[in-house]
*Asks:* 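Sharing a structure here in structure tokens format.
Keep in mind it's a predicted model, so treat the numbers as computed, not measured. For this chain, numbers begin at 1 and follow the sequence in order.
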Amino acid sequence: APEGNELVRKIDPRVLFLSLRAYLPYLILGLAALLVFLTFLLIFVTRNSMTNWTAVAKLFHQTRSDKVPSFYKQLDSKSISELVGTHATLRRAAQRLNIKPSEIVTQFSYVTIETDKNKPNIIIITVQNNQPKMAAEIANAVAEAGVEEYVELQNSTLKSMLNERKRRKAQLLTEITALETEFSTYTSKTTSFPPDEELKYLRGVIAELLLKVQNSNAKASELKVKI
């Protein structure tokens, strides 16, 4: 052990420096290359970052007064924002931009939809992308696709209501035909009742039938106006 310590003490720092001096240019060159590589890597990551550019599109939701009659289903802004953010809406937006299905996750991974905190009837669509043009196109495409999904939803609701009213109308017309047939039966000249009893009975039946026919016609007219 003492001999090892003696050898350590005999190493001259100046000799060590002179030995490393021969490799100093290579060390400087290596550090410079590493610095250049890190610089280009930072530039590449920055340019290709999906959060490098941000585009915003806004949708205005006009709330309808309850006093105004409408066949459309009333939806609040929160429900509409959820509709805009569905996979169906994003797929529709991707189709508008001719984006391949395999690229949808990458291109739409930084899309957020929310309502404005200060103005709840404003729906904000925020898109982040590594290209400014693509960010703007995606934001606009999502907004347009969201409007289309909303219109289709409302039209399907209206179509269901219209079909139900048509079915009800056909049912009422069938009832009216049956009542008219029954009415003609009771007003027939052939009967087995005595004259007084027949007259009294027929008056009551006819009055009841006329009332039913009148009510059915009124319902059918009202339904026709609504349709």
Side-chain angles (χ1 to χ4, degrees), residues 41-172 219-220 222-227:
L41 180 62
L42 179 61
I43 294 173
F44 176 80
V45 172
T46 302
R47 288 183 177 179
N48 292 274
S49 175
M50 295 300 292
T51 60
N52 198 29
W53 298 93
T54 301
V56 176
K58 296 182 180 181
L59 295 174
F60 176 73
H61 175 220
Q62 178 65 53
T63 56
R64 186 180 70 246
S65 174
D66 295 334
K67 297 180 180 180
V68 179
S70 176
F71 293 114
Y72 287 103
K73 182 179 180 181
Q74 177 74 323
L75 296 175
D76 56 15
S77 298
K78 185 176 183 301
S79 299
I80 296 177
S81 65
E82 293 174 354
L83 176 65
V84 175
T86 59
H87 292 293
T89 303
L90 297 182
R91 283 196 300 269
R92 184 190 289 263
Q95 291 174 356
R96 297 175 70 92
L97 298 175
N98 295 322
I99 295 177
K100 299 179 180 178
S102 58
E103 299 177 356
I104 292 178
V105 175
T106 303
Q107 297 294 341
F108 289 84
S109 58
Y110 293 93
V111 177
T112 58
I113 297 106
E114 58 186 356
T115 56
D116 194 310
K117 295 180 180 180
N118 298 323
K119 299 178 180 179
N121 58 334
I122 300 294
I123 300 171
I124 302 175
I125 302 169
T126 305
V127 178
Q128 293 180 317
N129 198 276
N130 59 347
Q131 300 179 19
K133 183 179 178 181
M134 180 59 71
E137 289 179 349
I138 292 177
N140 292 330
V142 171
E144 294 170 357
V147 172
E148 291 176 356
E149 288 287 334
Y150 173 78
V151 172
E152 287 185 3
L153 175 64
Q154 296 292 32
N155 286 342
S156 64
T157 302
L158 181 60
K159 185 177 180 180
S160 298
M161 295 175 61
L162 182 61
N163 291 335
E164 173 60 23
R165 298 200 174 186
K166 286 182 177 179
R167 186 195 65 80
R168 180 57 180 162
K169 179 182 178 181
Q171 182 181 356
L172 287 173
K219 291 180 180 179
E222 180 182 358
L223 189 61
K224 183 178 180 181
V225 171
K226 291 182 178 180
I227 293 177

*Asks:* Given 3.5 Å as the limit, does a donor-acceptor pair link the side chain of T115 with the main chain of N121, or not?
*Replies:* no
*Asks:* Using a strict cut-off of less than 4.0 Å between a Lys/Arg side-chain nitrogen and an Asp/Glu carboxylate oxygen, indicate whether R92 and E152 qualify as a salt bridge.
*Replies:* yes
*Asks:* Going from CG on L83 to OG on S77, what distance comes out if it is rounded to the nearest 0.5 angstrom?
*Replies:* 12.0 Å
*Asks:* Could you check whether K78 pairs with E82 (Lys NZ or Arg NE/NH1/NH2 to Asp/Glu carboxylate O, under 4.0 Å)?
*Replies:* yes
*Asks:* Just one of R168, R167, K166 clears the salt bridge (charged side-chain N to carboxylate O under 4.0 Å, His left out) bar with E164, so which one?
*Replies:* R167
*Asks:* Drop me the distance from I104's CD1 to S109's OG, to the nearest 0.5 angstrom.
*Replies:* 12.0 Å
*Asks:* So I138 and N129, do their side chains get closer than 4.5 Å, heavy atoms only?
*Replies:* yes
*Asks:* With heavy-atom distances below 4.5 Å as the criterion, would you say the side chains of K169 and R165 are in contact?
*Replies:* no
*Asks:* Can a salt bridge be assigned to the pair R96 and E148 using a cut-off of 4.0 Å between side-chain N and carboxylate O?
*Replies:* yes
*Asks:* Using a 4.5 Å cut-off on heavy atoms from C-beta on, say whether the side chain of V84 contacts that of V142.
*Replies:* yes
*Asks:* In Å, rounded to the nearest 0.5 Å, how long is the span from CZ of F108 to OG1 of T89?
*Replies:* 10.5 Å
*Asks:* Heavy atoms, side chains only, cut-off 4.5 Å: are I122 and H61 in contact?
*Replies:* no
*Asks:* Supply the atom-to-atom distance E103 CD to L97 CG, rounded to the nearest 0.5 angstrom.
*Replies:* 11.5 Å
*Asks:* Are any of the side-chain heavy atoms of V56 and I124 separated by less than 4.5 Å?
*Replies:* yes
